[in-house]
Amino acid sequence: MDLISARDITKIYRIGEVEITAIKNLSFTISPASFVSFVGPSGSGKTTLLNLIGCLDMPTEGTMEIVGVKTPALGWKERATFRGEHIGFIFQDFNLLPVLTVYENIEYPLIMVQNVEPAERKKRVLRLLDEVGMADQKGKYPDQISGGQKQRVAIARALSTNPKLVLADEPTANLDHATAYMVLGLMKKMRDEFNTTFIFSTHDPKIVGEAEIIYTLEDGALKSKQVVKKGKAARGRKHA
Ligand code: ADP
Ligand code: MG
């Protein structure tokens, strides 16, 4: 079964009398455990689309199913619950809580969103710290670690609730290229480890090849779908 199936999705923003069509008639499916990017220049609709997939916003027209649930039909509260159960988020500017340590940032969704009991919480956080290579930094605060390290913590935090899907809107935009490749490599490793689908957006043509499936957006419409051959990404990384 598809993890996500979207059909004829359109999103129109209305500001007074003005209408802006941010997404036009988009249809696509995404399989479980895939590694997908949405690519396109600024204004092409990437953030709008990720917000629609992430149930942060609703399409004006069209249908969408995620893990078999018709998400546009959910009410405001149900959408929040759905997000907490099934979706993790990674942000361009990391969004770590500055007053919490690395450990506490990863633990936070397990207390606030899912109410996981303490022994299980500790087990999950320690495993994720290990998986993202941040175990020796767990007592540090966000302002004491680098951008690349912050994004590693954010990846661990996104995975702490065992989501089926992680959405990352321009996760490498604030990182240099070597660090960007590292972060995408880590996301791919986590996909392999946990079978979580990762969807990231980027406007950077250099890192696009790191995805296994590339959807290119232009003015809110789907311009192309490209399936990257295995091994291409690894070769690309050598030139970073
Ligand atoms: P991208 O993330 O690829 O830069 P966006 O999804 O942010 O693209 O924007 C797509 C289009 O929708 C742009 O024309 C943008 O100006 C418009 N847009 C985005 N968000 C809003 C909003 N909240 N209200 C009105 N227009 C918006
Ligand atoms: Mg954007």
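Each ligand, and each atom within it, is numbered from 1 in the order the structure gives.
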Requested in this report: For atom 8 (O) of ligand 1, state which one of Gly45, Ser201, Gly40 supplies the nearest heavy atom.
Outcome: Gly45

Query raised in the report: Looking only at atom types and distance, does a side-chain atom of Thr197 sit under 3.5 Å from a main-chain N or O of Ser34, one as donor and one as acceptor?
Result: yes

Requested in this report: Measure from the side-chain N and O atoms of Asp2 to the backbone N and O of Ile4, and report whether any donor-acceptor pair falls under 3.5 Å.
Outcome: no

Query raised in the report: Would you say atom 15 (C) of ligand 1 touches the protein, meaning some protein heavy atom is under 4.0 Å from it?
Result: no

**Report entry** Residue pair Glu218 / Ser44, side-chain heavy-atom distance below 4.5 Å
**Finding:** no

Query raised in the report: For Gly220, is the nearest heavy atom under 4.0 Å from an atom of ligand 1?
Result: no

Query raised in the report: Within the side chain of Arg124, is there an N or O that forms a donor-acceptor pair under 3.5 Å with the backbone of Ser160?
Result: yes

Report task. Output yes when a side-chain donor or acceptor of Thr10 lies under 3.5 Å from a complementary backbone atom of Lys24, and no otherwise. Result -> no

Query raised in the report: Under 3.5 Å, side chain of Gln151 to main-chain N/O of Pro171, donor-acceptor pair present?
Result: yes

Query raised in the report: Tell me: protein heavy atom nearest atom 3 (O) of ligand 1, and distance?
Result: Lys46 NZ, 2.8 Å

Query raised in the report: What atoms in ligand 1 come closer than 4.0 Å to a heavy atom of Ser42?
Result: 4 (O)

Query raised in the report: Starting from atom 7 (O) of ligand 1, which protein heavy atom do you reach first, and at what distance in Å?
Result: Thr47 CB, 3.8 Å

Query raised in the report: So is Ala22 polar-close to ligand 1, meaning N/O to N/O under 3.5 Å?
Result: no

Query raised in the report: Does the N or O separation between Ile20 and ligand 1 drop below 3.5 Å for any pair?
Result: no

Query - salt bridge (charged side-chain N to carboxylate O under 4.0 Å, His left out) between Lys189 and Glu131, intermediate numbers included - result: CA-CA 9 Å; Lys189 182 190 134 192; Glu131 292 281 355; 3.6 Å; yes

**Report entry** Residue Thr48, metal the Mg ion (ligand 2), N/O/S under 2.8 Å
**Finding:** no

**Report entry** Lys188 side-chain N/O to Glu210 backbone N/O, donor-acceptor pair under 3.5 Å
**Finding:** yes

Report summary line: Looking only at protein heavy atoms, what sits closest to atom 23 (N) of ligand 1 is Tyr13 CE2, 3.7 Å

Report task. Evaluate side chain to side chain donor-acceptor pair (under 3.5 Å) for Asn51 paired with Thr48, printing each intermediate quantity in order. Result -> CA-CA 5 Å; Asn51 286 347; Thr48 301; 5.9 Å; no

Query raised in the report: In terms of atom number and element, which parts of ligand 1 are under 4.0 angstrom from non-hydrogen atoms of Ile15?
Result: 25 (C)

Query raised in the report: Under 4.0 Å from any heavy atom of Pro41, which atoms of ligand 1 are there?
Result: 3 (O)

Query raised in the report: What residue and atom, counting heavy atoms only, is the protein's closest point to atom 6 (O) of ligand 1, and at what distance?
Result: Thr48 OG1, 2.6 Å

Query raised in the report: Quick one: nearest non-hydrogen protein atom to atom 1 (P) of ligand 1, plus distance?
Result: Gly43 N, 3.4 Å

